[in-house]
Amino acid sequence: MRLTRYFLPVLKETPAEAQIVSHRLMLRAGMIKQQAAGIYSWLPLGLKVLRRIEQIVHEEQERAGHIALLMPTLQPADLWRESGRYDDYGEEMLRITDRHKREMLYGPTNEEMITDIFRSNVESYKQLPLTLYHIQWKFRDEVRPRFGVMRGREFLMKDGYTFDIDKDAALHAYNRHMVSYLRTYERMGLTAIPMRADSGPIGGDDTHEFLVLASTGESEVFYDAAVTDLHLGDREIDYADRAGVKAVCDEFTTLYARTDETHDAALFDAIPPERRRVGRGIEVGQIFYFGTKYSDPMKANVVNDQGARVPVHMGSHGIGVSRLLGAIIEASHDERGIIWPEGVTPFAVGIVNLKQGDSATDAACEGLYAAVQATGLEPLYDDRDDRAGAKFATMDLIGLPWRITVGPRGLANGVVELTERRTGVSVEMTAEAAVARLVEIYALHR
RNA sequence: CGGGGCGUAGCGCAGCCUGGUAGCGCGACGGUUUUGGGUACCGUAGGUCGUAGGUUCGAAUCCUAUCGCCCCGACCA
């Protein structure tokens, strides 16, 4: 993409309403525009990152054997009356009446609807296990939306639902989700720690939240410092291997890590003092096993191998997709702007032309632009007729992890400059070498 | 929902107390200049001062109502 052809309304000054750094940077980088309290338009740069995150979520869900579908944002109230939640959910549910006076609602979650889909189509244990998920906009009429996309009223969420014949099988689905989520967050450059949590209005006994450590997080967290050293890395996971998957879960959940909801001071005090940590975290996902809480009242039964009709065991699993943008920025930025991890960056590399209009420099940039595109990576070429300082400031603000700087001074020696956003370290090399280096770097993030 | 604050140009703000027909910086646009970290200068465009009533000869300014937004708390992916 050429910057002169793009729509990137960056702001030099910080809008007054933004308090936390991710919100400020998303506004300044031209990623979002607020339309009402907790409701945002996604401008091109923001949408690109949102799509990157969605893509990673989809890939990891498919890898774990989960199947995508898409449910509507609007749902009939009657479905929610069956589970009893139409009354229980309260003011957070946005209720709508259509022209025929039918009661509808903008879905805050989809347990009822997925259970309806399941009971209409699945009759036998032989069709289990089954995991269906979608990535769809949700609406929760928060009393006090704030912090940009971190606590919006409209938000994009991946929610998945598991159907199993018994508790053992359902717990394997739970564990499978935990591992797939760990992989998902790692690909986004995040360390998200699974913490034992409270179930809230979804209901259920077994539940973990995934928290990204950040001082601006809304949850207080207590943990053993050693958990931050745990990483999946590139190890092979066989999602069908119950014992293997459980072993990974045990590895990540044995050390103490809890939110204030479930904090146990006695257990915390048992941690060696030098490893005790109290901090704040951003919740970016939660997994639940809730048994037959919905299948019972909604009569989602299957025939088991004894010929008996039994309610299916369910779980639900969510990732806050739009919130993740805020979480990633909170975890990865500096005083100049965002620093995107390679896994989610909107463009692979920024090309800065230091002397727009100079024929040799322009030609070198054009050649580089084409060469990067030919590798399948997407460059953002700053071809504006502007000062170097302005171009660097824009690149730093929007946070592309790599930048290639092209100017007459370097070209005289046959080199361009490859700069890493995170460290600021620049290395001079030929244009060909810079492209080759980028290919190498991004090969690690596929 | 309790408490607090704010709505004036695209963004950041001043003017309001003490009524007299709106201003600054940044940005945008046109030029000149400059060219390896937000350059400098000249010029141009852009605002029924959130909205509705009221008081007044006259309201951004005073009064009333209303809408919206932000912050703290309680609540929450």
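By convention in this document, chain letters (A, B, ...) are assigned in the order of the sequence lines, proteins followed by strands, and residues within each chain are numbered from 1.
Base pairing of B:A59 is not made with any nucleotide, judged by Watson-Crick or G-U wobble geometry with both donor-acceptor distances under 3.5 Å. In this entry B:G10 has B:C26 as its Watson-Crick or G-U wobble partner, both defining distances falling under 3.5 Å. With a 3.5 Å ceiling on both atom-pair distances, the Watson-Crick or G-U wobble partner of B:A40 is B:U32. In a base pair of the Watson-Crick type (N1 to N3 plus N6-O4 or O6-N4) or a G-U wobble (N1-O2 and O6-N3), with each distance short of 3.5 Å, B:C1 is matched with B:G73.
Nucleotides B:C70 and B:C62, compared at atom P, are 25 Å apart to the nearest Å. Separating the C1' atom of B:C42 from that of B:G37 is a span of 26 Å, rounded to the nearest Å. With both ends at atom P, the span from B:C63 to B:G25 equals 31 Å, rounded to whole Å. As rounded to the nearest Å, B:G3 and B:U8 have C1' atoms that lie 27 Å from one another. Distance noted for atom C1' between B:C71 and B:A52: 28 Å (whole Å). Here, B:G27 and B:U39 have their P atoms 7 Å apart, quoted to the whole Å. For the P atoms, the distance linking B:C6 with B:U64 amounts to 16 Å, nearest Å. With P as the reference atom, B:C26 and B:G38 are 15 Å apart, rounded to whole Å.
In terms of position on RNA chain B, the residue among A:Pro15 and A:Glu92 whose nearest nucleotide sits closer to the 5' end is A:Pro15. Mapped onto RNA chain B by nearest heavy atom, A:Arg144 and A:Glu283 fall at different nucleotides, with A:Arg144 at the one closer to the 5' end.
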Quick one, A:Ile319 with A:Ile53, criterion side chain to side chain contact (heavy atoms under 4.5 Å, CB included). Give me CA distance, side-chain angles, the key distance, then yes/no. CA-CA 10 Å; A:Ile319 292 180; A:Ile53 291 173; over 6 Å; no
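Rounded to whole Å, atom C1' of B:C69 lies 17 Å from atom CD of A:Glu142. A:Glu91 has its CD atom 17 Å from the P atom of B:C75, to the nearest Å. The CD atom of A:Glu13 sits 8 Å away from the P atom of B:G12 (whole-angstrom rounding). Taking atom CD of A:Glu220 as the reference point, atom P of B:A74 lies 11 Å away to the nearest angstrom. Rounded to whole angstrom, the span from the CH2 atom of A:Trp137 across to the P atom of B:A77 amounts to 18 Å. The distance between atom CZ of A:Phe147 and atom C1' of B:C75, rounded to the nearest whole Å, is 14 Å. A:Glu261 has its CD atom 13 Å from the P atom of B:A74, to the nearest Å. Summarising the geometry, the separation between CG on A:Leu27 and C1' on B:G27 is reported as 16 Å, rounded to the nearest angstrom.
A donor-acceptor contact shorter than 3.5 Å is absent between the side chain of A:His172 and the backbone of A:Ala169. Between the side chain of A:Gln136 and the backbone N or O of A:Met71, at least one donor-acceptor pair lies under 3.5 Å.
Every residue meeting the side chain to side chain donor-acceptor pair (under 3.5 Å) condition with A:Lys391, not counting sequence neighbours, appears here in chain and number order: A:Gln356.
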Could you run down nucleotides 31-38 of chain B 5' to 3' and tag each one B, S or - for protein heavy-atom contact under 4.0 Å? ---BSBBB
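Taking the six-membered ring where the residue is Trp, A:Tyr185 and A:Tyr181 present perpendicular rings, their angle passing 60° and hence far from 30°. A:Tyr89 and A:Trp80 have perpendicular rings, their planes meeting at more than 60° on a 0 to 90° scale where under 30° would count as parallel. Between A:Phe347 and A:Tyr6, the two ring planes are perpendicular [angle over 60°; tilted spans 30° to 60°]. Between A:Tyr256 and A:Phe268, the ring planes lie tilted relative to each other; the angle falls in the 30° to 60° range.
Within the nucleic acid shown, A:Gly148 has no heavy atom closer than 4.0 Å to any nucleic acid atom.
The closest side-chain heavy-atom distance from A:Val406 to A:Val352 is not below 4.5 Å.
In this structure, A:Arg81 satisfies the cation-pi test against A:Tyr86, with its NZ or CZ atom closer than 6.0 Å to the six-membered ring centre and inside 45 degrees of the ring normal.
Between A:Asp296 and A:Lys293, no side-chain nitrogen of the basic residue sits less than 4.0 Å from a carboxylate oxygen of the acidic one, so the salt-bridge criterion is not met.
A heavy-atom distance below 4.0 Å to RNA chain B is reached by these residues of residues 31-59 of chain A, ordered by number: A:Gln34, A:Ala36, A:Ala37.
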